[in-house]
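Order of the sequence lines fixes the chain letters, A, B, ..., with proteins taken first and strands second; residue numbering starts at 1 for each chain. All figures in this text were calculated on a predicted structure; none of them were measured in a lab.
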Amino acid sequence: GAGVSQSPSNKVTEKGKDVELRCDPISGHTALYWYRQRLGQGLEFLIYFQGNSAPDKSGLPSDRFSAERTGESVSTLTIQRTQQEDSAVYLCASSPTGRYRGAGETQYFGPGTRLLVL
Amino acid sequence: AQKVTQAQTEISVVEKEDVTLDCVYETRDTTYYLFWYKQPPSGELVFLIRRNSFDEQNEISGRYSWNFQKSTSSFNFTITASQVVDSAVYFCALSEARTGNNRKLIWGLGTSLAVNP
């Protein structure tokens, strides 16, 4: 079946502009995650959605970052007033609901959106 | 505190060599899950394996094998007879059961493996 898809693949923007990144999870996956990966670095957790529960926003680096998800479908990550330090690859992952009681589910990743802020 | 350490930042080997990537984790939970992911130059993270804390059997999948040792809190990954296509960044990650509804993975910083012809 189809994997996680993300759009756009690449985005170049000017400092101060807003950008919106999209993630389409695997059908039926209730959990959705956003991560940021700076060049040569590991993954930095941003936000997590689980069904209709309140999202875990603990990883969002500033109030310029926000994300939405409608039900168990598409999610959008919005970065307002972009800064050069926002340049990174933004990765989305989804995972199914748990027979592991909320932990240990494998996360399946999309190809990422490469954001460059000039 | 939860933590995953991949002490090897970069490894370079010649094709057909065996290589082991180390992963050491810290957790206070008795129930947890460990993962390995591969990130080739294309950038997409590819799931390799999940192991729960109650299953200490080593696993082999083709040229890949994993050695899980709770006594040393390690979950090492070995590639036998490495190939150029194995060149990638490999990440180890930890998920704790007690995080409940919050299923964040704790990630290591990754090991960059270069397999040279």
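With rounding to the nearest 0.5 angstrom, the CD atom of A:Q107 is 11.5 Å from the CZ atom of B:R50. With values rounded to the nearest 0.5 angstrom, A:T106 atom OG1 is found 4.5 Å from B:F35 atom CZ.
No continuous path of hydrophobic side-chain contacts links B:Y25 to B:F91 [ILVMFWY only; heavy atoms under 4.5 Å]. Under the 4.5 Å side-chain heavy-atom criterion for Ile, Leu, Val, Met, Phe, Trp and Tyr, A:W34 and A:V117 are members of the same hydrophobic cluster. Hydrophobic cluster membership differs between B:L48 and B:W107, with clusters built from Ile, Leu, Val, Met, Phe, Trp and Tyr side chains linked at under 4.5 angstrom. If you chain together hydrophobic residues whose side chains sit under 4.5 Å apart, A:F45 and B:V89 fall into the same group. Put simply, A:Y108 and B:I49 are part of two different groups of oily side chains (I, L, V, M, F, W, Y) that touch within less than 4.5 Å, one to the next.
Counted within 6.0 Å of CG on A:L118, heavy atoms from surrounding residues, nucleotides or ligands total more than 12; the atom is thus considered enclosed. Summarising the local packing, CD of B:Q57 is surrounded by 12 or fewer heavy atoms from other residues, nucleotides or ligands at distances under 6.0 Å. For A:Q83, the CD atom counts as densely surrounded, since its 6.0 Å shell holds more than 12 non-hydrogen atoms of other residues, nucleotides or ligands.
Residue B:S112 does not touch chain A at all, counting heavy-atom pairs closer than 4.5 Å. When heavy atoms are compared at a cutoff of 4.5 Å, B:Y37 approaches chain A solely by way of its side chain, counted from C-beta outward. For B:Q39, the part sitting under 4.5 Å from any heavy atom of chain A is the side chain, from C-beta outward, and nothing else. Using a 4.5 Å cut-off between heavy atoms, A:Q37 touches chain B through its side chain atoms alone.
In this structure the side chain of A:Y35 reaches within 4.5 angstrom of the side chain of B:L105, judged on heavy atoms.
For the set B:L34, B:L94, B:L109, B:L45, the count of heavy-atom pairs under 4.5 angstrom toward chain A peaks at B:L45. Most heavy-atom pairs under 4.5 Å with chain B, from the set A:G42, A:G110, A:G40: that is A:G110.
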Set out, in order, the CA-CA distance, both residues' side-chain angles and the distance that settles side-chain contact (heavy atoms from CB on, under 4.5 Å) for A:F109 and B:F47, then state yes or no. CA-CA 8 Å; A:F109 285 80; B:F47 165 72; over 6 Å; no
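Of all heavy-atom pairs spanning B:G43 and A:R114, the tightest one is CA-NH2, 3.6 Å.
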